[in-house]
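Comments concern the structure below.
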Amino acid sequence: MERLDKILSATGKWSRREVKELLRQGRVTVDGSRPTGPEMKIDPEQCEILVDGASAGYEAYTYLMLHKPAGVLSAVEDRKQKTVLDLLPRELQRRGLFPVGRLDKDTEGLLLLTNDGDLAHRLLSPRHHVDKVYYARVDGRLEAEDCRAFAAGITLADGLVCLPARLEILSDCEALVTVQEGKFHQVKRMLAQRGKPVLYLKRLAMGPLRLDDDLPPGAFRRLTDSERQQLRAMEKTI
Ligand code: URA
């Protein structure tokens, strides 16, 4: 049960002041009746909340797939640089969304934005072995020996040992890399360790989510029902 004014603010459509006004002007109904006041406690999953006769659009959690472009920080805010949150409209910026894991500033590709902290934790914990798939282009010639080294677990320059990972060679200088953890600059450092520095990196998939081919860099969309179900199904198994 939550306060009605909090529920309306959480939609991101109105500021707190605007919510107060909506209620004062009698433009809100809960299950067909005028609410008793802004502090009225209701279950937003069970009640129909209308504003001017249309659904208030409350959702417990928001899940967005963003095609992160290069040059943007995977952060919620930054005093100087553009962040992934700056790519969203104001209404969505007010929902407390954050990126699930970080992509480097120059890395492109799939980034999940949500306000569901539990899901984020499960997707990111290395204990849960969620696959993240990257397309990498490198300076150098990839060889079968690199695949074997990835499968055995690369030891980085600072002595950190990576979990076994998969390297699938696509061409002399291109590969798909699948890792289950998210150490700082991990894919770049793994390939650098093999003497093949990354020139371009793009995340294609994370768990059951695949980057939508129809999303150009900088664009986002809500997850489909099917994608949300797949995430939920994955959560049950990890
Ligand atoms: N590994 C990297 O090196 N960079 C990223 O952005 C993601 C994974």
Side-chain angles (χ1 to χ4, degrees), residues 64-78 80-88 97-114 119-142 146-147 149-171 173-213 215-220 231 234:
L64 304 179
M65 174 186 291
L66 171 75
H67 186 162
K68 180 193 169 300
V72 174
L73 294 185
S74 296
V76 171
E77 57 181 358
D78 190 87
K80 295 197 182 122
Q81 301 188 60
K82 193 166 171 176
T83 74
V84 288
L85 262 284
D86 294 326
L87 299 170
L88 305 180
L97 301 174
F98 54 86
V100 178
R102 281 166 186 269
L103 292 178
D104 297 335
K105 188 174 169 187
D106 61 351
T107 302
E108 298 184 352
L110 173 67
L111 195 61
L112 173 64
L113 297 170
T114 186
L119 174 73
H121 177 73
R122 281 163 201 262
L123 278 171
L124 294 178
S125 166
R127 277 194 304 130
H128 293 139
H129 300 289
V130 175
D131 282 347
K132 287 132 206 150
V133 184
Y134 296 85
Y135 163 84
R137 198 164 57 239
V138 300
D139 182 8
R141 196 187 164 93
L142 294 161
D146 298 318
C147 302
F150 268 58
I154 298 265
T155 302
L156 298 176
D158 59 2
L160 228 91
V161 180
C162 298
L163 287 176
R166 202 159 141 196
L167 182 77
E168 289 171 71
I169 298 177
L170 302 174
S171 76
C173 60
E174 294 170 299
L176 294 179
V177 181
T178 305
V179 294
Q180 294 185 329
E181 41 186 358
K183 298 187 201 300
F184 186 59
H185 294 329
Q186 177 154 0
V187 174
K188 290 178 186 164
R189 287 157 79 203
M190 288 166 91
L191 283 160
Q193 194 60 26
R194 299 295 306 162
K196 290 149 203 187
V198 168
L199 300 175
Y200 173 80
L201 192 62
K202 177 176 182 179
R203 181 154 64 194
L204 304 177
M206 180 154 138
L209 298 180
R210 303 271 166 278
L211 179 63
D212 189 332
D213 289 336
L215 273 187
F220 73 91
L231 278 179
M234 180 205 71

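Ligands are counted one by one from 1 in listed order, and the atoms in each one are counted from 1 as well. Along the sequence shown, residues are numbered consecutively beginning with 1.
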*Output all residues satisfying side chain to side chain donor-acceptor pair (under 3.5 Å) with R189, sequence neighbours left out; order by chain, then residue number.*
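Result, side chain to side chain donor-acceptor pair (under 3.5 Å) vs R189: D158.
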
*Determine yes or no for a side-chain-to-main-chain donor-acceptor pair under 3.5 angstrom, with H128 supplying the side chain and R122 the backbone.*
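Yes.
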
_Flag, side chain of K188 to backbone of A192, donor-acceptor distance under 3.5 Å_ =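 Not at all, since once roles are kept as given, no pair shorter than 3.5 Å links the two residues.
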
*At a 4.0 angstrom heavy-atom cut-off, what protein residues surround ligand 1?*
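Within the 4.0 Å shell of ligand 1, which is judged on heavy atoms, sit L103, D104, T107, Y134, H185, Q186, V187, K188, L201.
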
_So, using side chain to side chain contact (heavy atoms under 4.5 Å, CB included) as the criterion, who are the partners of R210 when residues are at least two apart?_
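Result, side chain to side chain contact (heavy atoms under 4.5 Å, CB included) vs R210: A205.
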
*Only counting residues at least two apart or in another chain, list the ones meeting side chain to side chain contact (heavy atoms under 4.5 Å, CB included) with A219.*
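Scan of A219 (side chain to side chain contact (heavy atoms under 4.5 Å, CB included), adjacent residues dropped) gives L215, P216.
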
*With rounding to the nearest 0.5 Å, note down the distance linking CG in L88 to CG in L97.*
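Reported value, rounded in 0.5 Å steps: 6.5 Å.
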
